[in-house]
Amino acid sequence: MRVEIVPCLSDNYAYVLTCEATGQSAIVDASDSAPVLEAVARAGRRVAAIWSTHHHHDHTGGNEAVAAALRVSEVLGHSSDRGRIPAQTRFVEHGDAWQLGLLNVRVLHIPGHTTGAVAYVVSGDGQQAVFTGDTLFVAGCGRLFEGTPEMMHASLARLSQLHPATLVYCGHEYTEANLRFASHVEPGNRDVAAALVAASERRMAGQPTVPSTVASEIACNPFVRARDAGELGARRKAKDSFRS
Ligand code: ZN
Ligand code: FE
């Protein structure tokens, strides 16, 4: 399995996921057509599908142009996002599974940021990756635009049950700000302190901080670590107004 990270817009990430054995690729979140098409061309990828994590424009704004340019007929999103995801042709549900080349793909419904948010779990070559959109960020979680703290708590629990070595690819580069909030919530958490140093070094070198791992999110992420939905809701509210 190979993942190309494609920076889009101001701080979004799209991804080009490839089964190296067969050369089949899928685009996760065609945020913006130009950088995505450029990445596909640069790597010489044959794209079979676009997988949208949720309906927001900064994750789906390139769907129509990318699908047309690459003649992709499979544009995936949750069944409840029908009418909200441009060019959507496939309406997935929690537990749906298929293959991309030799890679196994599985959908998790993870409402909270939006009600139709999904994650794509991909495994093969002894590796596993999960694409979490704006639900689970590195050291953070998305704003609760459509869902409740209860939904987000259950969704993060669902994601943190994946194998600890699972690589986490999220929708935005918000890691440094998230870790500053995390160290405000848990000043004594040494994993957070170490992660903040590492993230700052990567950003200073112009590198993305993705992927993280499920193990690292369990150690550092104040929303994954919230003991219940009440604590998660209070932390989400505090984060909304936090200025580091
Ligand atoms: Zn979003
Ligand atoms: Fe977003």
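Numbers here simply count residues along the sequence, with the first being 1. Indexing begins at 1, ligand by ligand and atom by atom, following the structure's order.
- Taking the centre of each ring, Tyr15 and Phe131 come in below the 6.0 Å mark.
- Taking the Zn ion (ligand 1) as reference, the nearest N/O/S atom within His56 carries the name ND1.
- Residues His56 and His113 bring their aromatic ring centres within 6.0 Å.
- Metal site remark for the Zn ion (ligand 1): Asp134 contributes an N, O or S atom at a distance under 2.8 Å.
- Distances from the Fe ion (ligand 2) under 2.8 Å pick out these protein N/O/S atoms: Asp58 OD2, His59 NE2, Asp134 OD2, His172 NE2.
- Rounding to the nearest 0.5 Å places CD of Glu201 at 13.0 Å from OG1 of Thr209.
- Around CZ of Arg82, the count of heavy atoms belonging to other residues, nucleotides or ligands within 6.0 Å does not exceed 12.
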Note to self: The test is side chain to side chain donor-acceptor pair (under 3.5 Å); show your working for Arg45 and Thr18 and say whether it passes.
What the structure shows: CA-CA 8 Å; Arg45 299 302 184 203; Thr18 303; 3.2 Å; yes
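- Put simply, His113 gets within reach of the Zn ion (ligand 1), with an N, O or S atom under 2.8 Å from it.
- For an aromatic pair to be called close, the ring centres must be under 6.0 Å apart, and Phe137 with His172 satisfies this.
- Glu38 pairs by the salt bridge (Lys or Arg N to Asp or Glu O under 4.0 Å) definition with Arg42, not counting sequence neighbours.
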